[in-house]
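Predicted model, so just to flag it, every value in this text is computed and none were measured. Only heavy atoms go into these numbers, but all of them, side chains included; no hydrogens, no water, no symmetry mates. Nothing fancy with the numbering, it's 1 onward along the sequence.
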Amino acid sequence: MSEFKAFSLLASIIDRVSLKGYTQPTPIQQACIPALINGNDLLGIAQTGTGKTAAFSLPIINNFGRNKIDIKAKSTRSLILTPTRELASQIMQNIDDYSDGLGLKTKVVYGGVGRQAQVDAIALGLDILVATPGRLLDLIETGDINFKALEVFVLDEADTMLDMGFFRDVQNIISKLPKNRQTLLFSATMPAEIEILAQDILTDPKKVEIAAETVTIDLVNQSVYQLEKSNKVPLLLNLLLQPNFEKVLIFCKTKYGADIIVKALEAASITAASLHSGKTQAVREEALQNFKDANLRVLVATDVAARGIDVDNITLVINYNLPEDPRNYIHRIGRTARAGKSGMAISFAVENDVRQLTNIENSIGQTIPVVIEQPFHKEFSKAPKPVQKKKPTKKNNRTNKSKKTRTKKR
């Protein structure tokens, strides 16, 4: 018997949750669902991989399934705003799965694809709209949507919105929404701008904080492979000789780098595709779906494109390039430790990466073990001395000025 029954959800929702293989609510679901069913505003501090989508979508679906209304044209009862097209699609897929059979009208809208089908769907009125900021603002400006009937607003991945430069767009959208609504804000971190926004848009919210970083670190077997830059592709191919790495997600720094890695893998008869902003939306969706369906063994992605990737049973995450921001390390390795499962993460590090690696280790509060028994190991210090810059003395300054003067005179 599913413990989701304890939330008094509709029987059809519980059946759909069970069909997806979920029996035990995650901590964030346990904390959020009762509060949201009761109509509370909510501040959720949690990253993807914690069960967040079900935590906010199940109460919305339950409420609308129990209280159906005639929806006016060009309006929606709920808005879920999220930063990337991939994440929007995944949220919509989950909502459609959970709400199957309830007759709710749903739609996802984002840029990079034709807008007319989106306009036509909104024109009929919606129960649930999932959107990215750019396309939604476009639809607002052309008068193709209004929020007069809005009951629930969900701002998902708020810190990612900030990082990706969408914060003004988000504030603009919020200014168009009715004040009388239930508001949910989710963010993996709480920079000052997000704290201020939360205070502005939430009314007496329930706060739920899930220490997902600690959970992720505990569940992922992490290691570092030190090597020369020229040996990265050979090491990658060597690792992929292991058949137990069935579904591998590789993170790299640039779009160009991702495509180069894919070419090298394909030359070795390893099925692979890249996921980055240089690809069309249709190509990105096809690559992600093929990876989910295990038609591809390897997906190579940049950080922005991979934000919020929700793919089950990823056996290995490889950091081909270390992230500049230590927070992204947690997001990356968390792709292989979903819903309480364990996983493996390997990071490639060249000598110039020492400082980044140290920052990551300081951020997670532990030392990541170095694998020495590998064919391309290179020894280097993990604690470089900071470069000391000599400050010029006043005498030196005068000397420099004199030299400049003499040079000019010549």
Side-chain angles (χ1 to χ4, degrees), residues 83-90 110-113 132 134 157 160 163-166 224-241 245 247-292 295-309 311 314 316-336 345-357 359-360 376 378:
T84 69
R85 293 173 280 185
E86 283 73 25
L87 189 52
S89 292
Q90 288 171 181
Y110 46 69
V113 297
T132 55
E157 301 270 344
T160 306
D163 292 343
M164 293 177 68
F166 293 149
V224 172
Y225 284 60
Q226 296 178 177
L227 73 166
E228 295 278 6
K229 184 177 180 181
S230 59
N231 286 328
K232 282 190 173 185
V233 169
L235 176 58
L236 179 61
L237 296 176
N238 182 272
L239 288 169
L240 294 178
L241 288 175
F245 296 149
K247 190 178 284 188
V248 181
L249 178 59
I250 299 174
F251 286 95
C252 71
K253 191 174 183 178
T254 67
K255 297 179 284 187
Y256 176 75
D259 290 336
I260 292 294
I261 294 168
V262 169
K263 286 181 181 178
L265 294 174
E266 289 177 337
S269 300
I270 297 170
T271 55
S274 57
L275 186 73
H276 56 69
S277 59
K279 303 283 187 179
T280 66
Q281 184 61 28
V283 170
R284 289 163 68 173
E285 288 182 359
E286 182 182 12
L288 187 56
Q289 192 60 51
N290 282 332
F291 187 56
K292 286 182 178 181
N295 296 324
L296 291 174
R297 186 180 174 199
V298 179
L299 186 68
V300 187
T302 56
D303 277 313
V304 170
R307 272 286 189 156
I309 280 181
V311 177
I314 293 177
L316 173 65
V317 165
I318 296 177
N319 291 306
Y320 193 86
N321 305 108
L322 288 176
E324 295 288 343
D325 186 342
R327 293 177 299 174
N328 282 340
Y329 178 79
I330 295 294
H331 286 291
R332 288 180 176 193
I333 70 172
R335 302 313 95 200
T336 183
I346 292 172
S347 296
F348 292 179
V350 300
E351 198 150 9
N352 288 341
D353 293 330
V354 169
R355 195 168 300 282
Q356 285 168 255
L357 182 58
N359 289 339
I360 289 168
F376 306 101
K378 176 179 171 59

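- Contact annotation: the side chain of M164 approaches that of T84 to within less than 4.5 Å [non-hydrogen atoms, C-beta and beyond].
- Formation of a donor-acceptor pair under 3.5 Å by the R297 side chain with backbone atoms of F245 is found in this model.
- A salt bridge links K253 and E324; the closest N-O separation between the charged side-chain nitrogens and carboxylate oxygens is under 4.0 Å.
- Side-chain contact between I314 and V248: absent, with no pair of heavy atoms (C-beta onward) separated by less than 4.5 Å.
- In terms of heavy atoms, A88 sits closest to Y110 at CB-CD2, 4.3 Å.
- I250 and V298 make their closest contact through CD1-CG1, 3.5 Å (heavy atoms, listed as atom of the first residue, atom of the second, distance).
- Side-chain atoms of N359 and Y329, non-hydrogen and from C-beta on, never get closer than 4.5 Å to each other.
- No donor-acceptor pair closer than 3.5 Å links the side chain of K378 to the backbone N or O of E351.
- In this structure the side chain of Y225 never reaches within 4.5 angstrom of the side chain of S347, judged on heavy atoms.
- Of all heavy-atom pairs between C252 and I261, the closest is CB-CD1, 4.0 Å.
- For the pair V311/L288, a side-chain contact is recorded, criterion being any heavy-atom separation below 4.5 Å from C-beta on.
- Proximity of a side-chain donor or acceptor of N290 to a complementary backbone N or O of E286 within less than 3.5 Å is detected.
- One finds the CG atom of N319 at 5.0 Å from the CZ atom of R332 (value rounded to the nearest 0.5 Å).
- I360 pairs with exactly one of L322, N328, V224 by the side-chain contact (heavy atoms from CB on, under 4.5 Å) rule, that one being L322.
- From K247, atom NZ reaches atom CZ of R335 across 14.0 Å, with rounding to the nearest 0.5 Å.
- Inter-residue side-chain proximity for V350 and E228 is flagged as unmet; no heavy-atom pair is nearer than 4.5 Å.
- Of all heavy-atom pairs spanning K255 and G278, the tightest one is CD-N, 3.5 Å.
- Considering every non-hydrogen atom in both L237 and L265, the closest pair reads CD2-CD2, 3.9 Å.
- Remark: K229 does not engage D353 in a salt bridge, criterion side-chain N to carboxylate O under 4.0 Å.
- Of the candidates L236, V300, L235, I318 forms a side-chain contact (heavy atoms from CB on, under 4.5 Å) with just one, namely L236.
- Atom-to-atom distance recorded for E86:CD and E285:CD is 7.5 Å, nearest 0.5 angstrom.
- Taken from CG in D163 to CG in D325, the straight-line distance is 7.0 Å, to the nearest 0.5 Å.
- The structure places OG of S274 at 8.0 Å from CG of L299, a figure rounded to the nearest 0.5 Å.
- Rounding to the nearest 0.5 Å places CZ of F166 at 7.0 Å from OG1 of T132.
- F348 places a side-chain heavy atom less than 4.5 Å from the side chain of L239.
- Residues A301 and L249 come closest through the heavy atom pair CB-CD1, 4.4 Å.
- Residues N321 and F251 form no side-chain contact, since every pair of their non-hydrogen atoms from C-beta on lies 4.5 Å or further apart.
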